Amino acid sequence: MPTVSMEDYIEQIYILIEEKGYARVSDIAEALKVHPSSVTKMVQKLDKDEYLVYEKYRGLVLTPKGNKIGKRLVYRHELLEQFLRIIGVDEEKIYHDVEGIEHHLSWNSIDRIGDLVQYFEEDRERVEQLITVQKNNEQENQ
Ligand SMILES: [Mn+2]
């Protein structure tokens with residue numbers, strides 16, 4: 001299992017490859033706001049653990065194992081954003097909050113949150129009911 005930090009890198013590398021077709025050390029450093037030397041170090045570790053291969057001319061290529069995990073990590077991030085949005089968290093807090101919690105939930109919890117998101121998405125009325133609860137609570141707290 002990848003560590004929290006490895007997860008951040010695999011997730012970001014996966015996103016860069018999806019968006020641009022490649023992931024350079026400098027792009028990864030910029031996206032994660034870390035020094036390029038830290039990226040090089042981590043890339044070596046990820047290569048050793050068989051999440052990616054560093055090829056001289058093609059750059060970083062995710063292995064099937066790295067690609068599979070990258071896909072799941074991006075899904076998890078997007079699902080948690082959706083979840084916080086549905087429960088009414090302020091838009092400007094969503095990304096930061098997801099970055100804070102995503103590594104600390106079991107896949108069991110992620111799957112159950114997935115069910116909950118589906119439950120709300122299947123019927124807009126359920127979202128409206130939740131909003132009503134929130135409005136009532138806000139009034140009580142005033
Ligand atoms: Mn993330």
Side-chain angles (χ1 to χ4, degrees), residues 1-138 140-141:
M1 284 296 283
T3 63
V4 164
S5 175
M6 286 160 82
E7 283 191 351
D8 272 333
Y9 277 84
I10 297 170
E11 183 184 2
Q12 203 51 59
I13 291 166
Y14 184 90
I15 291 170
L16 283 166
I17 291 174
E18 282 274 285
E19 286 175 357
K20 307 173 73 166
Y22 55 87
R24 289 182 308 203
V25 167
S26 57
D27 295 327
I28 301 166
E30 198 187 314
L32 293 173
K33 299 183 177 66
V34 295
H35 199 268
S37 65
S38 310
V39 177
T40 305
K41 229 183 207 170
M42 180 57 92
V43 163
Q44 284 164 355
K45 181 165 173 45
L46 292 171
D47 189 318
K48 187 172 148 274
D49 290 357
E50 296 172 344
Y51 291 106
L52 56 80
V53 198
Y54 183 73
E55 291 178 0
K56 206 172 179 186
Y57 298 104
R58 289 177 67 197
L60 305 178
V61 183
L62 288 171
T63 61
K65 171 174 137 176
N67 199 60
K68 190 175 163 205
I69 291 175
K71 196 174 186 164
R72 290 189 84 193
L73 297 177
V74 170
Y75 160 77
R76 183 178 69 184
H77 182 107
E78 286 171 356
L79 174 72
L80 290 171
E81 280 202 7
Q82 249 181 311
F83 169 60
L84 295 188
R85 199 165 283 127
I86 285 171
I87 63 170
V89 174
D90 296 339
E91 198 59 37
E92 67 271 18
K93 295 197 178 78
I94 288 179
Y95 183 83
H96 180 257
D97 281 6
V98 171
E99 285 302 309
I101 61 175
E102 62 183 346
H103 306 289
H104 308 288
L105 295 172
S106 65
W107 285 99
N108 186 201
S109 292
I110 296 296
D111 288 341
R112 298 295 70 79
I113 288 173
D115 296 340
L116 188 68
V117 166
Q118 186 186 338
Y119 172 79
F120 279 107
E121 282 191 332
E122 279 174 356
D123 187 350
R124 181 69 205 171
E125 184 60 30
R126 293 166 180 161
V127 179
E128 298 299 334
Q129 286 166 358
L130 179 63
I131 292 170
T132 305
V133 171
Q134 289 167 344
K135 280 184 181 153
N136 290 339
N137 285 341
E138 270 170 31
E140 276 175 34
N141 292 334

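Here the structure is a predicted model, which means the values were calculated and not measured. Just so you know, residue 1 is the first one in the sequence shown, and it goes up from there.
- Side-chain atoms of Thr132 and Lys135, non-hydrogen and from C-beta on, never get closer than 4.5 Å to each other.
- Listed here is the closest heavy atom pair of Leu84 and Asp97: CD1-CB, 3.7 Å.
- For Phe120 against Arg126, the heavy-atom pair with the smallest separation is CE2-O, 3.5 Å.
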**Request:** Might you work through the side-chain contact (heavy atoms from CB on, under 4.5 Å) test for Leu80 and Ile110, ending with a clear yes or no?
**Result:** CA-CA 8 Å; Leu80 290 171; Ile110 296 296; 4.2 Å; yes
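- For the residue pair Lys65 and Asp49, the shortest heavy atom distance occurs at NZ-O, 2.9 Å.
- Looking only at distances, a side-chain donor or acceptor of Asn141 sits under 3.5 Å from a matching main-chain atom of Asn137.
- Residues Thr40 and Val25 share a closest heavy-atom pair of OG1-CG1, 4.0 Å.
- In terms of heavy-atom proximity, Leu130 sits nearest to Ile87 at CD2-CA, 3.9 Å.
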**Item:** From CA spacing to verdict: side-chain contact (heavy atoms from CB on, under 4.5 Å), Tyr14, Glu18
**Value:** CA-CA 6 Å; Tyr14 184 90; Glu18 282 274 285; 3.5 Å; yes
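- In this structure, a donor-acceptor pair under 3.5 Å is present between the side chains of Gln118 and Glu122.
- Looking at Asp115 and Arg112, their side chains come closer than 4.5 Å, going by heavy atoms from C-beta outward.
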**Message:** Evaluate Arg72 against Trp107 for side-chain contact (heavy atoms from CB on, under 4.5 Å), listing each step before the verdict.
**Reply:** CA-CA 10 Å; Arg72 290 189 84 193; Trp107 285 99; 3.4 Å; yes
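- Pairing each heavy atom of Gly66 with each of Ile10, the nearest pair is O-CG2, 3.7 Å.
- Residues Arg24 and Glu30 form no side-chain contact, since every pair of their non-hydrogen atoms from C-beta on lies 4.5 Å or further apart.
- Contact annotation: the side chain of Glu102 approaches that of Glu11 to within less than 4.5 Å [non-hydrogen atoms, C-beta and beyond].
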